[in-house]
Amino acid sequence: LYSFEDVFCSLEGSASFALCQQPGFRTSSTHGLLILSRKGLSDKTEFTYNDNETVLTTRGYLSAMVEDIGRVFCTHLSTYLLGESLYFGPTQFSNYAEDQTYQANLLFSAAAEATAKLKSPYSVLIAGDMNHGPKIGDRILARFPSVYNLALAHGYADPYIGLSIEESAAQCTFCYESLNPLTAGYVNGNQTYEGVAIDRVYVPKKDLSRVIRTQRLYDSPVVFENQSVYLSDHYAVLLEYLTGVSYEELLNDWRSAFAEWKQKFEDFTNNKC
């Protein structure tokens, strides 16, 4: 679950994993994605990344125009499964990194097209389980860092990690820990690391001034049917985001108006003299 303002991007797995494992089976067009919003949604779209592949789990994105915010993308990029294959037939990819790079390029191309159609103060935000992230010191293990760098190269920032990866205090969102039974024992030989930070909301770098704060959520169990359970094997990332015109935009507009008034005054004074 990825939350910003009044919008939520939710990811769910297939209802029947055993069925998905049958050779030749493809989960039709079901991505397990959901956008919930207290604000109005319009111009909703759905896209499948690997439409011509026979895959274990279909990957794609949802997007919608959200009132007062702009275009929101909700996605779940390909994961890394040690010793497992996502494909049951011929594929154009030789590894998971190639697959996710392909998906990320499609995603950020769509985001660029959406950005070109928007006017200030609207923005394009991308939320979801990205399944990629940087290495942070000796705490957080990297996963497909080249794809993370690709996102930054497309003009996006990751407020949860911050601008300085080396100084980031971000926590893992998929953690190698014993407290959460959904991830207990999932260490992949990396017992010294807390886990990976692969869940996030990407924000355009130009709109970073709109970010109020980010926070990891739902990292404690809840009581459900008299049992203490974790909501997911991943923890959520909250982004508080300032909608409407930002302070910097107001300041720039004021500066432009003042410069225009000053020029007109100088022209008037020179002509009068």
Side-chain angles (χ1 to χ4, degrees), residues 1-21 27 30-38 56-59 62 72 74-84 86 125-144 158-162 168-202 211-241:
L1 183 67
Y2 311 89
S3 167
F4 45 97
E5 287 290 318
D6 297 316
V7 183
F8 299 87
C9 163
S10 178
L11 316 176
E12 290 293 340
S14 171
S16 178
F17 188 78
L19 179 63
C20 294
Q21 289 182 304
T27 58
T30 303
H31 306 130
L33 301 174
L34 176 67
I35 297 178
L36 298 175
S37 175
R38 292 191 180 97
L56 175 64
T57 303
T58 304
R59 305 286 181 177
L62 302 180
V72 171
C74 174
T75 191
H76 188 184
L77 301 181
S78 282
T79 187
Y80 170 76
L81 297 176
L82 186 63
E84 300 290 338
L86 292 175
L125 306 181
I126 306 174
D129 177 358
M130 303 300 173
N131 269 314
H132 62 246
K135 181 179 183 295
I136 304 176
D138 295 325
R139 300 183 302 106
I140 306 298
L141 186 65
R143 179 179 290 177
F144 303 145
D158 175 9
Y160 182 67
I161 298 294
S168 177
Q171 299 171 283
C172 55
T173 59
F174 185 91
C175 304
Y176 309 145
E177 61 184 3
S178 58
L179 295 178
N180 187 341
L182 298 175
T183 60
Y186 194 97
V187 294
N188 272 358
N190 298 296
Q191 293 89 336
T192 59
Y193 290 90
E194 297 175 11
V196 289
I198 54 178
D199 306 272
R200 58 184 41 85
V201 181
Y202 280 123
V211 176
I212 301 172
R213 71 182 179 101
T214 62
Q215 179 184 344
R216 190 178 76 172
L217 293 179
Y218 306 127
D219 49 6
S220 299
V222 298
V223 177
F224 177 73
E225 294 185 349
N226 298 321
Q227 291 185 334
S228 180
V229 298
Y230 281 83
L231 294 176
S232 173
D233 55 343
H234 289 243
Y235 299 139
V237 172
L238 167 72
L239 170 71
E240 287 192 11
Y241 189 78

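None of these values were measured; they are calculated from a predicted model.
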Chemist: What heavy-atom pair brings Leu34 and Leu62 nearest, and what distance separates the two atoms?
Modeler: N-CD1, 3.8 Å
Chemist: Does Asp199 reach the side chain of Tyr235, with side-chain heavy atoms less than 4.5 Å apart?
Modeler: no
Chemist: Calculate, to the nearest 0.5 Å, the distance between atoms CD and CG belonging to Glu194 and Leu141 respectively.
Modeler: 11.5 Å
Chemist: Indicate the atoms forming the closest heavy-atom contact of Pro159 with Val201, along with that distance.
Modeler: CD-O, 3.4 Å
Chemist: Say you draw a straight line from CG of Leu77 to CG of Asn131; how long is it, rounded to the nearest 0.5 Å?
Modeler: 7.0 Å
Chemist: Please name all residues satisfying side-chain contact (heavy atoms from CB on, under 4.5 Å) with Leu231, sequence neighbours left out, ordered by chain then number.
Modeler: Tyr218, Val222
Chemist: Of all the heavy-atom pairs spanning Ile198 and Thr173, show the shortest one and how long it is.
Modeler: N-OG1, 3.0 Å
Chemist: Please enumerate all residues that pass side-chain contact (heavy atoms from CB on, under 4.5 Å) together with Val223, with sequence neighbours excluded.
Modeler: none
Chemist: Restricting to side-chain hydrogen bond (donor to acceptor under 3.5 Å, both in side chains), what partner residues turn up for Tyr160, sequence neighbours left out?
Modeler: none
Chemist: Which value, rounded to the nearest 0.5 Å, describes the distance between Ile35 atom CD1 and Cys74 atom SG?
Modeler: 5.0 Å
Chemist: Can you give me the closest heavy-atom contact between Leu182 and Ser232, atom names plus distance?
Modeler: CD1-C, 3.4 Å
Chemist: How far does OG1 of Thr79 sit from CG of Asp129, to the nearest 0.5 angstrom?
Modeler: 7.0 Å
Chemist: With salt bridge (charged side-chain N to carboxylate O under 4.0 Å, His left out) as the rule and sequence neighbours excluded, what pairs involving residues 214-232 come up?
Modeler: Arg216-Asp219
Chemist: For the pair Arg139 (side chain) and Ala170 (backbone), establish whether a donor and an acceptor sit closer than 3.5 Å, ignoring hydrogens and angles.
Modeler: yes
Chemist: Provide the closest heavy-atom pair for Pro134 versus Ile161 in the form atom of the first, atom of the second, distance.
Modeler: CG-CG2, 4.3 Å
Chemist: Under a 4.5 Å cut-off applied to non-hydrogen side-chain atoms, are Arg59 and Thr75 in contact?
Modeler: no
Chemist: Is there a side-chain contact between Thr183 and Tyr230 (heavy atoms, below 4.5 Å)?
Modeler: no
Chemist: Indicate yes or no: at least one non-hydrogen side-chain atom of Arg200 is less than 4.5 angstrom from one of Leu239.
Modeler: no
Chemist: With a 4.5 Å heavy-atom cut-off, do Met130 and Tyr202 have their side chains touching?
Modeler: yes
Chemist: Of all the heavy-atom pairs spanning Tyr193 and Asp138, show the shortest one and how long it is.
Modeler: CD2-O, 3.8 Å
Chemist: Quick one, Cys175 and Asn180 - any side-chain contact, counting heavy atoms below 4.5 Å?
Modeler: no
